[in-house]
Peer 1: 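Let me begin by handing over the structure; questions about it come next.
In what follows, chains carry the letters A, B, and so on, assigned in the order in which the sequence lines appear, proteins first and then strands, with residues in each chain numbered from 1.
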Amino acid sequence: MSERYDFREIEQKWQKYWAEKDLFKTVEDDSKEKYYVLEMFPYPSGKLHMGHVRNYSIGDVTARYMKMKGYNVLHPMGWDSFGLPAENAAIKNGIRPDIWTHDNIAEMKEQLKSLGLSYDWDREVATCKEDYYKWMQWIFIQFYNKGLAYKKENAVNWCPSCQTVLANEQVVNGKCERCKTPVGKKDLSQWYLKITDYAQRLLDDLDKLPGWPEKVKLMQKNWIGRSTGAEVQFEIEGFDKKLDIYTTRPDTIFGVTCMILAPEHPFVKELVTEDHKADVDAFMDKLQYLSDIDRSATTLEKEGCFLGRYAINPLNGDRVPIYIANYVMMDYGTGAIMVVPAHDQRDFEFATKYGIKIVPVIQPEDPEIDVNNLKAAFAAEGTMINSGEFDGMNNKDAIEKIIQYMDEKGIGKSSVNFRLRDWLISRQRYWGTPIPMIWCDDCGWSPVNEEDLPVLLPKDVEFTGKGQSPLTTSKTFGKCTCPKCGKPASREMDTMDTFLDSSWYFLRYTDARNEEAAFDAKKANYWMPVDQYVGGVEHAILHLLYARFFTKVLHDLGLVEADEPFTNLLTQGMVLKDGSKMSKSVGNIVSPQEIIEKYGSDTARLFILFAAPPERDLDWSDTGVEGSYKFLNRIWRLVGEIIEKRDASVKPEVVSGDDKQLNFQLNATTKRVSDSLSKGRFSFNTAISAIMELVNEMYRYKETENANYSLLFDAAERMVLLLSPFTPHICEEMWQQLGHETSAYLESWPEYDESALLQDTVEIVVQLNGRVKMKANVASGISADEQKETVLAEDGVKALIGDKSIVKVVSVPERLVNIVVK
RNA sequence: GCCGGGGUGGCGGAAUUGGCAGACGCACAGGACUUAAAAUCCUGCGAUCCUUACCGAUCGUACCGGUUCGACCCCGGUUCCCGGCACCA
């Protein structure tokens, strides 16, 4: 074994070996239990960053460990390769998006390979390739045929910079999640997926996911935003249509003193009276100038405008004015609300400003609050007042009673509302999956016939960065014939949101080369669901919700048995430098390539796994990397020395106390590392520290008088296997040097010897009034009483107690004895 | 505002979930080796105090209080930081 740890040579050697032996190729095998490990596939920007290194290192350790544990492991990788950056590159540099993307993929793939990740590259997918997006289109058509895709004209979120619409989920604080440009509104006819049909199931089934972080489940729960209440119909004076409102507080209906419509509500134009028209128009004009951010800001003052009309409270016959106001949104509930100033803070503010009556209908228990002279709305529990036959009830109980009453009279019914909206998937972009739909003036919309798939992206397009989507510049793309009547027709010009591509890629991996179907049900059912999914928290809502939605629809279509895609989810923390996220603008980027060139990928992997628990943010430390590198050098020298000094004719027998100590440490470490990696614990950092302790013990042992190098040799073998999922290259090399001809990857995970963990005596703590005073040795397996007697009999303990009287003695076997004295 | 998560040495972080707080690593200091340096190896490393030294004492897991023989861990309150949602009726 060479003196020096030459990571360059070693890493190249073993990467080549793995590839030549096709070691990571996986096939279905019913005789073995399967384990599907998946890391979120990257967008091929061309450059790997530390977040990727972290993400894929975590997945790789898991995959390698599970493989050694005897599972049939699926560990694939691919490219989320449609998207805006490719198109921007085309505009800026004139490079075609497909060429730019393929070059980037090639470059990034090399970088990934240099990390020594155990991927089955035969299953590689790229969402921008025809063989993938063909099936994306096919899946879209299945959605359409099932009534889950529809086109609707609507005011949509429009990013003026990206020149495209955005899904609600892609608008963050009123800004585009990609480019941070304030989002505007635009009336467009767009395709939607009916995710709202699945809202309840997406919510309920979160309970089926104990392997997900509570935090992520909660975020999804809030995003879906289920609320229960009632829909109530109000008659409008001198108007034949009834006004539907949604409320979560039907118990406050007797306190309604006003109605408010969203400014976009279809009734507004019909309702406004002549003498209020000018005011309303002026108000609407003012609203137009407000962006979505301003309009949704909580700090914005509530403003409204009277329409000149009155509605009739169906429960008490009150005549109440109808307004429009800036704080009522068209796209939640029915776009109209009843106003109860006494019991809703927003309504209270509005009523105070416009001199609207405030009628309390709930009396607080606490008499200090004067309901007739409110400073703020009273939103808590209380007793019903001013509410006719419901007076005197607790308001919580009244909710149900009032709904029941309204239901009987046909004026209202209980109703559930979700915050979740349907998913707007049309994008006015080129570099995405074409939506496979055809418009015929006679037949309307039809899906492209299956045999005509894929609808290919044309190459004769121009990238100007202005106005229309580049697709519309193609001379060939738009023209087609109607699949129904054969007359000339036109194609849908929009492409799909790239989040669709990533909503089923995990299914495609199970059968990536299938040309006849999106995936074979048998293969998908063998592998699905993904046992362990690893990725950043930033996908806690969007990607993970969409992927769950897709899986449920595909399940309902009978294409796959699983109805949840990911059994266990690990959301890894960010990689920071000097306390902030690595970014170009801050100038604190550490390039993985540089680190790999300087120290090797084993060092990079070791550091990133050791420096922090995976779900926490990790602060990059150059000296920490040095430390990891030193450790690898340390074991390299140790193993080299052991190989050199070991005499194979000497038996690895445990004789002396030092032998025992080494053997104990070896087995204790095996247990600790195994425990740290299993049961969904992912304590890579503590697993590594356990191995470091073992190495320290081996160093100590080899300096002892009768050190048995055969025993050390066995320990070295075990240590190499334990470390191999973390730093595979150096471990393969050492494994070979230790005399093995096959890969360490193919070895079984080491078992530990329980009996070696049993020691004759155990050191326990002796406390006096809960304070540690001394240590004592007791026989292992001792009973609580025996231990107590043994300890109390010791001279040191007697001296400790002195002439104080013993009140109580707590004895926990093999742990401690606590003597309480007075 | 609402909902989550968190606060442990100079730093990253351990602590079998109520039982020796600070494992492991980094940084730092001292020593060995060396002409010297790097590398390596050894030792020390929470604070304060006592002692010539050995030994030891007190305090210490954001802050205040509680439960318990015993609390980083459980309960109540305060505070700061991070994340999500945010006029959702």
Peer 1: Since syn is defined as within 90° of 0, does B:U17 count as syn or as anti?
Peer 2: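 You should classify B:U17 as syn.
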
Peer 1: If I take atom CD from residue A:E303 and atom NZ from residue A:K353, how far apart are they, to the nearest 0.5 angstrom?
Peer 2: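 So the CD of A:E303 and the NZ of A:K353 are separated by 4.0 Å.
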
Peer 1: Between B:G6 and B:A62, how far is it from one P atom to the other, in whole Å?
Peer 2: 13 Å

Peer 1: With a 4.0 Å limit, can you tell me whether A:N326 has a side-chain N or O closer than that to the phosphate oxygens OP1/OP2 of B:C87?
Peer 2: no

Peer 1: Between A:T196 and A:R421, is there a donor-acceptor pair closer than 3.5 Å when you use the side chain of the first and the backbone of the second?
Peer 2: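 Flag not set: sc A:T196 to bb A:R421 has no pair under 3.5 Å.
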
Peer 1: If you check the A:K630 side chain, which of B:A14, B:G19, B:U40 turns out closest?
Peer 2: B:U40

Peer 1: Kindly assign one of parallel, tilted or perpendicular to the pair A:Y5 and A:Y629, based on the angle between their ring planes and the thresholds 30° and 60°.
Peer 2: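 Ring orientation of A:Y5 relative to A:Y629: tilted.
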
Peer 1: I want to verify the glycosidic state of B:G9; is it syn or anti under the 90° rule?
Peer 2: syn

Peer 1: Using the six-membered ring of A:Y699, assess whether NZ or CZ of A:R637 lies under 6.0 Å from its centre and within 45 degrees of the ring axis.
Peer 2: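 That pair does not qualify as a cation-pi contact.
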
Peer 1: Write down the distance separating the C1' atoms in B:U8 and B:C81, rounded off to the nearest Å.
Peer 2: 15 Å

Peer 1: Using the P atom as the point on both nucleotides, what is the distance between B:C72 and B:G65, in whole Å?
Peer 2: 15 Å

Peer 1: Using a 4.0 Å heavy-atom cut-off across all strands, classify A:V772 as base, sugar-phosphate, or nothing.
Peer 2: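 Touches sugar-phosphate only.
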
Peer 1: Quick check: on RNA chain B, is the nucleotide nearest A:S227 upstream (toward 5') of the one nearest A:K775, or the reverse? Name the residue that is more 5'.
Peer 2: A:K775

Peer 1: I'd like the C1' distance from B:G77 over to B:C69, given in whole Å.
Peer 2: 26 Å

Peer 1: B:C85 base to A:N222 side chain: any donor-acceptor pair below 3.5 Å?
Peer 2: no

Peer 1: Please give the distance between the C1' atoms of B:U67 and B:A14 as a whole number of Å.
Peer 2: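 Here B:U67 and B:A14 have their C1' atoms 27 Å from each other.
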
Peer 1: Side-chain N or O of A:R672 versus OP1/OP2 of B:A23: is the shortest distance under 4.0 Å?
Peer 2: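 For B:A23, neither OP1 nor OP2 has a side-chain N or O of A:R672 closer than 4.0 Å.
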
Peer 1: Regarding B:C69, can its base be found pairing with the side chain of A:K808 as donor and acceptor, where the two atoms are less than 3.5 Å apart?
Peer 2: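 Answer is no: no donor-acceptor pair is held.
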
Peer 1: With rounding to the closest Å, how many angstrom separate the P atoms on B:U17 and B:G13?
Peer 2: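 After rounding to an integer number of Å, I get 23 Å for this pair.
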
Peer 1: Can you check the distance between B:G76 and B:C28, where both ends of the measurement are the P atom (answer in whole Å)?
Peer 2: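 Looking at atom P only, B:G76 and B:C28 are 45 Å apart.
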
Peer 1: Pick the P atom in B:C63 and in B:A57, then give their distance to the nearest Å.
Peer 2: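 Per the computed distance, 24 Å lies between those P atoms.
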
Peer 1: OP1 or OP2 of B:G18 sitting under 4.0 Å from any side-chain N/O of A:R815?
Peer 2: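 Looking at the OP1 and OP2 atoms of B:G18, neither is under 4.0 Å from any side-chain N or O of A:R815.
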
Peer 1: Whether A:R616 contacts B:G5 is assessed here as follows: a side-chain N or O lying under 4.0 Å from the phosphate OP1 or OP2. Is that the case?
Peer 2: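 A:R616 to B:G5 OP1/OP2: no side-chain N or O under 4.0 Å.
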
Peer 1: For A:N685, which contact category applies under a 4.0 Å heavy-atom criterion: base, sugar-phosphate, or nothing?
Peer 2: sugar-phosphate

Peer 1: Rounded to the nearest 0.5 Å, what separates atom CG in A:L243 from atom CD1 in A:I236?
Peer 2: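 Output value for this atom pair is 4.5 Å.
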
Peer 1: OP1 or OP2 of B:A23 less than 4.0 angstrom from a side-chain nitrogen or oxygen of A:N696, does that happen here?
Peer 2: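 False: A:N696 side-chain N/O out of range (4.0 Å or more) of B:A23 OP1/OP2.
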
Peer 1: Answer yes or no for A:K302 and A:F350: cation-pi contact, defined as NZ/CZ to six-membered ring centre under 6.0 Å and angle to ring axis within 45°.
Peer 2: no

Peer 1: Just compare B:C87, B:G19, B:G4 and give me whichever is closest to any side-chain atom of A:K215.
Peer 2: B:G4

Peer 1: Is the phosphate of B:C59, meaning OP1 or OP2, less than 4.0 Å from a side-chain N or O of A:R771?
Peer 2: yes

Peer 1: Take A:V812 and A:G770, find for each the nucleotide of RNA chain B with the closest heavy atom, and name the residue whose nucleotide sits nearer the 5' end.
Peer 2: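 It is A:V812 whose nearest nucleotide is closer to the 5' end.
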
Peer 1: Just checking A:D617: base, sugar-phosphate only, or nothing, at a heavy-atom cut-off of under 4.0 Å?
Peer 2: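 Sugar-phosphate contact only.
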
Peer 1: Do A:Q767 side-chain and B:G19 base share a donor-acceptor contact under 3.5 Å?
Peer 2: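 When only heavy-atom distances are counted, A:Q767 does reach the base of B:G19 through a donor-acceptor pair under 3.5 Å.
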
Peer 1: Give a yes/no answer on whether the side chain of A:Y332 brings an N or O atom under 4.0 Å of OP1 or OP2 in B:A89.
Peer 2: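 Indeed, a polar side-chain atom of A:Y332 lies that close.
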
Peer 1: Reckon A:R421 touches a base, only the sugar-phosphate, or nothing at all at heavy-atom distances under 4.0 Å?
Peer 2: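 Touches a base.
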
